[in-house]
2 protein chains.
Amino acid sequence: MATSARKKPVKRRRNPIQSRGQATVDAIVEAAAQILARKGPTAATTNAVAARAGVSIGTLYQYFADRDALLQEIGRRHVAEMQAVLAGALGGIDGLPLPEAVERLVAAIVASHRVAPRLHQALHQSLARDHLDTIDAFEVAVEAMVSRALAGRDELDLPAPELTATVLVRGLGGLIRTTLRREPERLDDPALARAMRAMILGTLGESRRDA
Amino acid sequence: MATSARKKPVKRRRNPIQSRGQATVDAIVEAAAQILARKGPTAATTNAVAARAGVSIGTLYQYFADRDALLQEIGRRHVAEMQAVLAGALGGIDGLPLPEAVERLVAAIVASHRVAPRLHQALHQSLARDHLDTIDAFEVAVEAMVSRALAGRDELDLPAPELTATVLVRGLGGLIRTTLRREPERLDDPALARAMRAMILGTLGESRRDA
DNA sequence: GGAGAAGATGAGCCTTTGCTCAGATCCTCG
DNA sequence: CGAGGATCTGAGCAAAGGCTCATCTTCTCC
C-alpha cells in the first residue's frame, strides 16, 4: 500500500545558462555514474562525486537539490541511452520475416543492456522504491512496443498480444539482468542467444490461438 | 575485476546457548525482516531493529558482529524458506506427464516467491554485491535441479538441458520479480500462469534437437 | 547457596555524509 | 571598463547511524 508516487519535479536548483555550467552538470552526472557503476551505490556519496567531477560540493548543490535528484537524473539519462540503442536496432523490423525479426530483437535487447551493465545494476539497487518510475516507464513502453509488433503479425494469431509481450519482455529482461550479474561474459555466448531465440519462438508458437 | 568474494565467516559474536538467547536471536531476525519488508533497507537500522525486537542495541551486537551479518542471516533464512516451499511443491514431479509437470512447476515457483515478496525485493536491494552469494547459490541449485529434471525426460530430447534450464529459471525468476514489484496482485492471475506455461512448453518444444 | 557463565542494558562515542552559507571568481554585454 | 548575473568554493554544521563498553541481571549446576 501507499506506493503513491509523490512527484518530485526534478528539483533542480538552477539550470545552467552558460556552456560552462552545462559542462559542469555533465561532469557531475558522469562522475556519479562512474562511481555508481564501479563501486556501487554506497560509494556514490555527494562529496565523492563532487571530488571526482573536479568541482566543489557547493557546485553540485547548485544544480541538484539533493542526492536523490542526482540519482534520478542518472537514471533518466541511462534509460534514454538504452532507448536510443533499442530504437536504433529495431528500425524496420516489422517488415522482416519472423525468424529474422526475432534474431534482431534478441540482438537489440542484449545490446541495450550492454550499454552500461554495471550502472544498470547499480541503478536497480540504489533507486529507492519510490523512484523507479523512470525505469518502470521505460519498461512499460517497451512492453507496449513489443505488444504492438506482435499484434501486427497476423501469422502469429495471438489471442492476447499484450500478455505475451509482457511475459517475453520481463522474462528476457530478467534473464539478461541475472546473467549480467553472475556471468557477464556469457552475454556474448552465441549459444545463449540461440536459446533466447528458441524461447521467443517457442513462446509465440505455444501462445497461438490454436495451440 | 576484483569481484573477489572475501569470505566473512558468519561473524557471529556469540552463539546462543540457553533457549532465552535463541529466542532473542529469533526476535531480532524477525524484527529486521519485518522492517526490511515494510519500509525497505534504509529503514532497517540496527537501532530500529533492536527497538522493534524489544531488546537493547547491545544485545543485538552480542549475537551479530555487524549489521551486515544480520542481513546475511536474514537472507539465509529466507532462501531456506523458499527452498522448502519449492522442494515441497515439486516432490514426485518426475513421474508426471509433461503438461502437469509444467503446471506444477509454475505453481511451485510462484508459490516460492510468494513466501515473503516484499522481503525478497528488499534483500535483492540491500544485499551488497559481495553478499548475494546466498541467493546466488540458491538460484544455481534451482537451475541444476531443473536441468536434471529436463535431462531425465527423453521425450524432450534436449541438446543442452543446462542451457535450457538456465534460460527458463532466470527468465521465469525475472518475470516474477518484475511483476511482483510492479503489479503484485497479478501474480494470482490465471492468465499469467497460463502464459508462463506457454512460455515453458514453447521453449522446450523449440529447443528440441530437431527443431 | 553461590560462583561463574550467559544474557541484557543503554548512554554515548565516533564516523560518515548530506547539505548550507558567506563570500570569491568568472562572464557577458552595454 | 564595470555592473550584475552566473558560477564556483570549501569549511563546517547537524543529523544519523553503527557500534562499544562498563555494568547489571538471570540462569545453571554443583
Side-chain angles (χ1 to χ4, degrees), chain A residues 8 10-32 35-36 39-74 122 125-128 130-131, chain B residues 8 10-32 34-36 38-74 122 125-128 130-131:
Chain A
K8 290 195 179 177
V10 190
K11 287 208 298 183
R12 230 182 204 170
R13 200 155 279 176
R14 164 184 293 182
N15 281 63
I17 308 282
Q18 308 173 2
S19 66
R20 180 169 54 131
Q22 186 55 56
T24 301
V25 170
D26 288 346
I28 291 171
V29 173
E30 184 58 33
I35 298 181
L36 218 47
K39 315 229 180 123
T42 58
T45 68
T46 52
N47 286 295
V49 168
R52 172 164 213 122
V55 304
S56 93
I57 181 66
T59 298
L60 188 155
Y61 280 96
Q62 199 101 43
Y63 297 105
F64 299 95
D66 52 28
R67 191 184 111 109
D68 219 69
L70 173 56
L71 290 182
Q72 278 187 263
E73 176 64 22
I74 296 174
Q125 269 194 11
S126 55
L127 258 48
D130 291 336
H131 300 308
Chain B
K8 289 194 179 179
V10 190
K11 288 208 298 183
R12 229 184 205 168
R13 201 155 277 177
R14 165 185 292 181
N15 280 65
I17 307 283
Q18 308 173 2
S19 68
R20 179 168 53 133
Q22 185 55 55
T24 301
V25 169
D26 288 345
I28 292 171
V29 173
E30 185 58 32
Q34 273 189 31
I35 298 180
L36 217 47
R38 294 194 194 161
K39 315 229 180 123
T42 58
T45 68
T46 53
N47 286 294
V49 168
R52 174 166 211 122
V55 304
S56 92
I57 181 66
T59 297
L60 189 155
Y61 280 96
Q62 200 104 44
Y63 297 104
F64 299 94
D66 53 28
R67 192 183 111 108
D68 219 70
L70 173 56
L71 290 182
Q72 278 186 264
E73 176 63 22
I74 296 174
Q125 268 193 13
S126 55
L127 257 48
D130 291 338
H131 301 308

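Just the heavy atoms: all of them, side chains too, but no hydrogens, waters or symmetry mates, feed the values below. Quick caveat, the model's predicted, so the values are computed rather than measured. Throughout, protein chains are lettered first and strands after them, A, B, ... in sequence-line order, and every chain is numbered starting at 1.
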Would you kindly give the [atom1]-to-[atom2] distance between [X] and [N], to the nearest whole Å?
| X | N | atom1 | atom2 | result |
| --- | --- | --- | --- | --- |
| B:Q62 | C:dA5 | CD | C1' | 12 Å |
| A:N47 | C:dT20 | CG | C1' | 12 Å |
| B:Q22 | C:dA8 | CD | C1' | 16 Å |
| A:D68 | C:dC19 | CG | P | 8 Å |
| B:R14 | C:dT9 | CZ | C1' | 13 Å |
| B:N15 | C:dG7 | CG | C1' | 14 Å |
| B:I17 | C:dG4 | CD1 | C1' | 14 Å |

Does any part of the side chain of A:T46, heavy atoms only, come nearer than 4.5 Å to the side chain of A:F64, both counted from C-beta? no
Flag the pair A:L70 / A:Y63 as yes when at least one side-chain heavy-atom distance between them is below 4.5 Å, and no otherwise.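 With C-beta onward as the side chain, the pair stays apart.
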May I ask you to say what A:T45 touches in the nucleic acid, namely base, sugar-phosphate or nothing, with a heavy-atom cut-off under 4.0 Å?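 Touches sugar-phosphate only.
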Rounded to the nearest 0.5 Å, what separates atom [atom1] in [X] from atom [atom2] in [Y]?
| X | Y | atom1 | atom2 | answer |
| --- | --- | --- | --- | --- |
| B:I57 | B:T45 | CD1 | OG1 | 7.5 Å |
| A:S126 | A:L36 | OG | CG | 4.5 Å |
| A:I28 | A:R52 | CD1 | CZ | 14.0 Å |
| A:D26 | A:E30 | CG | CD | 8.5 Å |
| B:Q22 | B:N15 | CD | CG | 9.0 Å |

With B for base contact, S for sugar-phosphate-only contact and - for none (protein heavy atoms under 4.0 Å), nucleotides 23-30 of chain D reads ---BS---
According to a strict under-4.0 Å criterion, is [X] in side-chain N/O contact with OP1 or OP2 of [N]?
| X | N | value |
| --- | --- | --- |
| B:S56 | C:dA8 | no |
| A:T24 | D:dC8 | yes |
| B:R67 | D:dA16 | no |
| A:T46 | C:dC19 | no |

Starting at the 5' end of DNA chain D and moving along, which residue's nearest nucleotide shows up first, A:G58 or B:I57? A:G58
So if I take every side-chain heavy atom of [X] and compare against [options], which nucleotide ends up nearest?
| X | options | result |
| --- | --- | --- |
| B:Y63 | D:dC19, C:dA8, D:dC8 | C:dA8 |
| B:Y61 | D:dT9, C:dG7, D:dT20 | D:dT20 |
| A:D66 | C:dC19, C:dG7, D:dT7 | C:dC19 |

